[in-house]
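Report on the structure given below.
Sequence lines set the chain letters: A, B, ... in the order given, protein chains first and strands last, and positions in each chain run from 1.
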There are 2 protein chains.
Amino acid sequence: MFTKVLVAEDYEIANQGIIKVIEEGLGIQNIHESKYCDDAYLKFRKAFQDNEPFELLITDLSFKEDHKVQIRTSGIELVQDIRKIQPNIKVIVYSQESRPDKINMLFQKLDINGYVCKGQHAVKELVNCVQGVFRGDTVLPPEVTEASTDNIVNLDDFDIMLLEELSQGLTKKEIVQKLKKLKITPNSESTIDKKLSKLFDDFKAKNTTHLVAIVKDLGLL
Amino acid sequence: MFTKVLVAEDYEIANQGIIKVIEEGLGIQNIHESKYCDDAYLKFRKAFQDNEPFELLITDLSFKEDHKVQIRTSGIELVQDIRKIQPNIKVIVYSQESRPDKINMLFQKLDINGYVCKGQHAVKELVNCVQGVFRGDTVLPPEVTEASTDNIVNLDDFDIMLLEELSQGLTKKEIVQKLKKLKITPNSESTIDKKLSKLFDDFKAKNTTHLVAIVKDLGLL
DNA sequence: TAAGTCCTTACGGATTTCCGTAATCGCAGG
DNA sequence: CCTGCGATTACGGAAATCCGTAAGGACTTA
């Protein structure tokens, strides 16, 4: 089993929870923690330079801002930077994100080794994930493996952006202007109409207001 | 210090984190945990009947649904039901919610003893909170004490009803019809327009969709 | 009684939404 | 090569939204 692990997670209680689980569930003793990305990076670099490198990083994705100004503000940057000095480090992401496409992106672009969703069954999943990653496996969460069979509506980034803008009260014309300004395609009003119609169907919404209400209730926004 | 505590929190890692903190930070040994509201309630009742009652409940507000069908689905119901059998039980709510009006509502209507926000400094806050509640204090989180108490919009029942209907996708004409059928006055489209305009002003909303999004975010709906 | 205020209602018009139809383009398969 | 499919774009029209003006009724206050 891994002998030296770093946990990067800004929410203290979650941080302590992770430590407790991998300590008691897997018998790992040498566990270090960080509440800030930059701090995690420095700990990593120092351990590497001292020839006592970490073997596993368990990190959150989002780190809230506070008084300590950070260079890195997300787990993604942290992983990228750590991989530069220690390319083969095993990485498990532990995050709220449950959208399959988002999670898949992490595996594809960031080449992480495992993902655990914050949730009701995170203890067992985390233990399984660490064990799997130690064996050399790539451990996908149930949210992804079961996604194909579920009737969950999959939203891509464009959909999320649309819903976000609408919930901020922008009209479709304003959204079009914004997209053109940001050079994001597609950016025609009729395409946006089409995408919205699809969302209406998917969520069985009667109009934009209803749609935003539904998505807010589902916590997708 | 408290000697027997129940932690109700569906996210396992957070659950473990809370236990670790109050165990190591406060030296409390007899800590029980529940991932479901109903389970927490049953543990509570049994302990009370066995004359070994809990002295403190630390509970989350939202509990995700899963395969186990629950009677109680939120921490609010849990607290209400537990208070019926043990009115003086101390209650600390530990939740994501950071909106002052929502949190204040918990103190006023649910008469809880303390509140801790899931966040970066939750460990210290939780320890302080438990200590304060043990002394008999009511422990408000910094989010509330530091909040300015001015920008509160007061909604009457008619406003709430309007917002509710709109968020369910009804058009104003449909709302008018519904009001007339229910013999509720006022019920003209232009009055509804007026009321809505006022809500737009109050919440600085640009249109209906924006308004519903804001109200949903504020947790008023 | 008269004036002022607030609530309700009516109406019109500029704008936006919602939903059709249809044309164009890139692209994979036969 | 061509055919079909999906994504994008354009356009139009009925309905709905948003916001202004205005009028009538209920109430208080002088």
Side-chain angles (χ1 to χ4, degrees), chain A residues 99-101 104-105 148 153-217 220-221, chain B residues 153-217 220-221:
Chain A
R99 286 157 55 201
D101 50 337
N104 277 323
M105 187 274 288
S148 51
V153 180
N154 257 346
L155 302 180
D156 59 26
D157 287 343
F158 195 86
D159 292 330
I160 295 283
M161 163 180 272
L162 271 190
L163 292 168
E164 203 83 61
E165 309 284 15
L166 287 174
S167 77
Q168 284 166 23
L170 298 195
T171 67
K172 275 180 273 199
K173 284 191 210 308
E174 288 171 329
I175 295 177
V176 167
Q177 289 172 2
K178 190 163 182 179
L179 290 178
K180 289 193 169 154
K181 188 172 288 180
L182 296 174
K183 305 220 186 290
I184 297 173
T185 54
N187 57 27
S188 76
E189 194 172 341
S190 82
T191 300
I192 293 179
D193 258 2
K194 281 269 190 298
K195 301 248 182 212
L196 271 183
S197 288
K198 180 160 168 24
L199 290 177
F200 287 162
D201 288 349
D202 289 346
F203 288 102
K204 295 170 185 45
K206 295 175 188 162
N207 52 44
T208 309
T209 304
H210 193 195
L211 177 64
V212 167
I214 291 171
V215 174
K216 286 274 182 196
D217 279 343
L220 298 175
L221 219 55
Chain B
V153 178
N154 257 345
L155 301 181
D156 60 25
D157 289 344
F158 195 86
D159 292 329
I160 297 282
M161 163 180 271
L162 271 189
L163 293 168
E164 202 84 60
E165 310 284 13
L166 287 174
S167 77
Q168 284 165 23
L170 299 195
T171 67
K172 276 182 272 198
K173 287 192 209 311
E174 288 171 327
I175 295 177
V176 167
Q177 288 171 5
K178 190 163 181 177
L179 290 178
K180 288 192 170 157
K181 188 172 286 179
L182 296 174
K183 306 217 186 292
I184 297 173
T185 55
N187 56 29
S188 77
E189 194 172 341
S190 81
T191 299
I192 292 179
D193 258 2
K194 280 269 190 299
K195 301 250 182 210
L196 271 183
S197 288
K198 178 158 169 28
L199 290 177
F200 287 164
D201 288 348
D202 288 346
F203 288 102
K204 294 170 183 48
K206 293 176 189 161
N207 52 42
T208 309
T209 303
H210 193 195
L211 177 64
V212 167
I214 292 172
V215 175
K216 286 272 181 199
D217 277 345
L220 299 175
L221 216 55

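- In this structure, a donor-acceptor pair under 3.5 Å is absent between the side chains of T208(A) and T209(B).
- Residues passing the side chain to side chain donor-acceptor pair (under 3.5 Å) test with S167(B): none are found, sequence neighbours excluded.
- Residues passing the salt bridge (charged side-chain N to carboxylate O under 4.0 Å, His left out) test with E164(B): none are found, sequence neighbours excluded.
- For E174(A), the salt bridge (charged side-chain N to carboxylate O under 4.0 Å, His left out) criterion is met by no residue, not counting sequence neighbours.
- Non-hydrogen atoms lying under 4.0 Å from DNA chain D are contributed by nothing in residues 164-175 of chain A.
- Taking atom CD of E189(A) as the reference point, atom C1' of dT15(C) lies 11 Å away to the nearest angstrom.
- Nearer to the 5' terminus of DNA chain C, by closest-nucleotide assignment, is the contact made by P186(B) (compared with the other of P186(B) and D193(A)).
- The stretch residues 194-210 of chain A touches DNA chain D through K194(A), K195(A), each having a heavy atom within less than 4.0 Å of the strand.
- For S188(B), the side chain to side chain donor-acceptor pair (under 3.5 Å) partners two or more places apart in sequence, or in a different chain, are T191(B).
- A search for side-chain contact (heavy atoms from CB on, under 4.5 Å) contacts involving K194(B) returns nothing, not counting sequence neighbours.
- Shown here are the side chain to side chain donor-acceptor pair (under 3.5 Å) partners of S197(A), two or more places apart in sequence or in another chain: there are none.
- K178(A) meets the salt bridge (charged side-chain N to carboxylate O under 4.0 Å, His left out) test with E165(A); sequence neighbours excluded.
- The nucleotide range of DNA chain D contacted by chain A, defined by atoms under 4.0 angstrom from heavy atoms of the protein and reported 5' to 3', is dT8(D) to dC11(D).
- Atom CD1 of I192(B) and atom C1' of dA10(C) are 14 Å apart (whole Å).
- Checked against side chain to side chain donor-acceptor pair (under 3.5 Å), D193(A) has the following partners two or more places apart in sequence or in another chain: K172(A).
- Applying the salt bridge (charged side-chain N to carboxylate O under 4.0 Å, His left out) test to pairs two or more places apart or on separate chains, those with a residue in residues 196-210 of chain A are K198(A)-D202(A).
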